[in-house]
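Chain A is the first sequence line, chain B the second, and so forth, proteins listed ahead of strands; every chain is numbered from 1. Hydrogens, waters and symmetry mates are skipped; everything else that's a heavy atom, side chains included, is used. No experiment lies behind these values; they were computed from the predicted model shown.
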Amino acid sequence: MTAYPENSRLEPPESEDKVPLSLRLIPFFDRYGILIVIAVMCLVMWALQPDVFLSWRNISNIFKQTAANGMLSIGMFVVILTAGIDLSVGSVLALGMMTLAVSNAAGVPWPVALALSPIMGMAAGFVNGIGITKLRMPHPFIMTLGMLFMARGLANLISGGVPYSGLPDPVRFLGSARIYLGELDGTRINLPVVFLFTILVYLLFWILLEHTVFGRRVYAIGGNPEAARVSGINVDRTLIIVYTICGFMAGIAGLIMAGRTNSGFPNAGTGMELEAIAAVIIGGASFFGGRGQVLGIFGGVLIMGLIKNGLNLNNVSTFWQQILIGAIIVLAVFIDVLRRDLGTRH
Amino acid sequence: MDQRQTNAAEPLLEAKGICKYFGAVTALRDVDLQLWPGEVLGVVGDNGAGKSTLMKVLSGLHPQSEGTLIFDGSPVRFSSPREARDLGIEMVYQDLALAGNMNIAENIYLGREPTRKLLGGALALFDHRSGIRRAKEHLENLKIHVKSVEQKVEELSGGQRQAVAIARSIAFEARIVIMDEPTAALAIKEVGKVLDLIVDLKNRGISVVIISHRMDDIFYVCDRVMALYHGSNFAEARLKETSRGEVIGWIMGTKEKVEKVAHDRVS
């Protein structure tokens with residue numbers, strides 16, 4: 001360590017040796033702790049169901065089932081980074097999905113139908129953003145609660161409240177296609193396209209949030225909106241983009257779910273906004289904004305998927321799943337509270 | 001643009017007849033202010049006298065309702081802090097305006113991030129490495145020592161945060177730095193260090209406007225002091241020609257010396 005000049009104006013930094021090991025490990029656990037949790041969960045499940053859990057079929061199922069939540073969660077994460085919330089993503093998912101299914105049934109060519117789901121999602125997100133900034137809604141909760149009802153109503157309205165099934169293969173590609181990788185011990189190994197897509201999306205969001213000016217400003221707005229404003233950052237414009245991104249991801253989730261189920265049903269995604277919020281919180285983001293990482297959110301989504309899968313494999317009722325997820329949300333935040341105590345005590 | 005440039009015969013920044021209304025409330029009435037190149041001007045006044053409002057007019061946060069601002073000889077009008085900043089007028093806010101969740105380097109360059117352009121400028125990537133290197137050099141240049149510029153601002157002491165906020169204000173060729181109560185929230189042992197930093201800015205030729213309630217601060221760093229009272233100019237003087245008692249009297253709205261309240265002027 002370099003010597004500090006005599007005329008140093010501020011306190012010389014404390015020596016690294018004085019910081020106890022437990023405190024120096026905090027950043028490590030902040031970043032990678034969630035991966036350890038996932039590894040432990042996998043071990044437990046493997047021990048309980050050694051034949052099924054690690055089968056390729058089960059693993060690809062987990063990825064297929066969590067993909068839609070993964071899309072909603074990463075969009076929700078960007079919103080929560082700004083200390084906001086988007087309650088409408090489940091309904092917007094349904095709106096995108098029904099726009100897709102209805103337009104397909106009406107004979108719209110598939111490339112257009114396919115694009116309509118994310119476009120509807122973006123439109124809904126943009127309206128959310130305008131409402132929160134320009135209409136000066138007192139809290140994003142209000143605007144997106146309104147959108148929750150409006151998008152659900154619209155999804156029912158355009159479909160007459162009935163499901164549409166049967167979609168062309170290109171539209172289903174993202175949600176249901178698999179890539180044949182080869183054979184292993186006599187079973188065909190197929191990689192779901194949506195798995196690769198999820199990885200790609202999370203990678204793009206990691207670049208967006210960690211390495212672009214826009215991303216760093218999203219963090220700054222979450223940390224101190226006043227500081228962001230006086231620094232010349234256009235906070236309103238940034239927020240509108242953030243909510244538009246979140247809506248866009250809900251539209252993508254609608255496209256994935258339509259592909260997986262080969263249909264559109266107007267009550268799709270009911271309650272999924274809460275699952276997305278849960279994944280973001282379990283993934284270590286702060287509800288007060290400015291804190292959390294893309295890798296953590298990926299972990300949060302995986303944990304939610306693993307819990308459901310593990311309990312299903314062991315024939316535990318879905319009611320227990322709800323109880324467990326609820327308990328884990330509380331536990332995850334409590335651990336964060338303890339961690340912060342430890343971090344500020346020195 | 002203007003041939004006069006920095007001419008010591010003219011103020012660097014001049015405010016004439018500034019009025020500011022918030023609805024029916026008159027916060028400032030016909031306020032004048034001159035700031036000369038390389039000068040530290042203290043602005044005093046009781047709570048609600050209009051000091052902070054005047055500073056926000058000068059820094060572009062609240063445009064004035066009436067009156068003119070003249071910067072470097074030409075009239076200017078700011079509709080946002082960014083426009084003032086583009087001319088080199090920076091403000092250090094009382095609540096510091098730093099994002100605690102981000103590191104020192106990111107805070108220093110918030111809103112003016114160093115970027116690497118990719119794909120022919122279509123994609124602006126935040127240049128973490130250059131930000132960290134420049135922030136480090138900048139802080140070393142100002143003799144501000146922190147453990148690391150990658151440290152989060154929320155981990156810093158009040159004095160360190162204030163130092164970062166001041167460093168941030170002069171990271172881009174500032175000519176004027178406006179500070180609202182820079183020592184109000186500090187531990188006593190940190191006050192002197194921040195005041196020395198302000199003197200350092202002055203030695204670098206930067207003009208400073210400082211709002212303070214603390215006579216010690218005013219008499220340590222200022223060249224001149226002006227007092228506002230109920231939103232109007234009340235009095236002003238070069239520091240050498242006044243005393244603490246007199247300045248405290250101005251704050252209370254009297255031009256008689258308040259000998260009982262204060263010590264006499266310092267050396």
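- From A:Glu210, atom CD reaches atom NE2 of B:His128 across 6.0 Å, with rounding to the nearest 0.5 Å.
- Looking at B:Arg168 and A:Ser231, their side chains do bring a donor and an acceptor atom within 3.5 Å of each other.
- By the 6.0 Å contact criterion, CE on A:Met122 is open, its count of non-hydrogen atoms from other residues, nucleotides or ligands being 12 or less.
- The minimum heavy-atom distance linking B:Leu98 with A:Asn224 is given by the pair O-ND2, 2.8 Å.
- Within the 4.5 angstrom heavy-atom criterion, atoms from both the backbone and the side chain of A:Arg216 approach chain B.
- No other option in B:Leu125, B:Asn107, B:Asp127 has as many heavy-atom pairs under 4.5 Å with chain A as B:Leu125.
- Across all their heavy atoms, B:Ala99 and A:Ala220 have their closest contact at CB-O, 4.2 Å.
- For B:Lys202, the NZ atom is densely surrounded, since the number of other residues' heavy atoms within 6.0 Å is greater than 12.
- No more than 12 heavy atoms of other residues, nucleotides or ligands sit less than 6.0 Å from atom CZ of B:Arg129.
- For CZ of A:Arg136, the number of neighbouring non-hydrogen atoms (other residues, nucleotides, ligands) closer than 6.0 Å is 12 at most.
- Counting heavy-atom neighbours within 6.0 Å of A:Leu135 CG, excluding the residue itself, gives a total above 12.
- Closest of all the heavy-atom pairs between A:Val230 and B:Arg85 is O-NH2, 3.2 Å.
- Within a 6.0 Å radius of CZ in A:Phe214, more than 12 heavy atoms belonging to other residues, nucleotides or ligands are found.
- Interface residue B:Leu110: backbone and side-chain heavy atoms are both found under 4.5 Å from chain A.
- No more than 12 heavy-atom neighbours from other residues, nucleotides or ligands sit within 6.0 angstrom of CZ on A:Phe141.
- For the atom pair B:Asn101 CG and A:Ile221 CD1, the distance stands at 11.0 Å (nearest 0.5 Å).
- Enclosure of atom CZ in A:Phe288 is not indicated, since only 12 or fewer non-hydrogen atoms of other residues, nucleotides or ligands lie within 6.0 angstrom.
- B:Thr115 touches chain A through its side chain: at least one heavy atom from C-beta onward sits under 4.5 Å away, while N, CA, C and O do not.
- Taking B:Glu154, B:Glu83, B:Gln151, B:Arg116 one by one and counting their heavy-atom pairs under 4.5 Å with chain A, the maximum is reached by B:Glu154.
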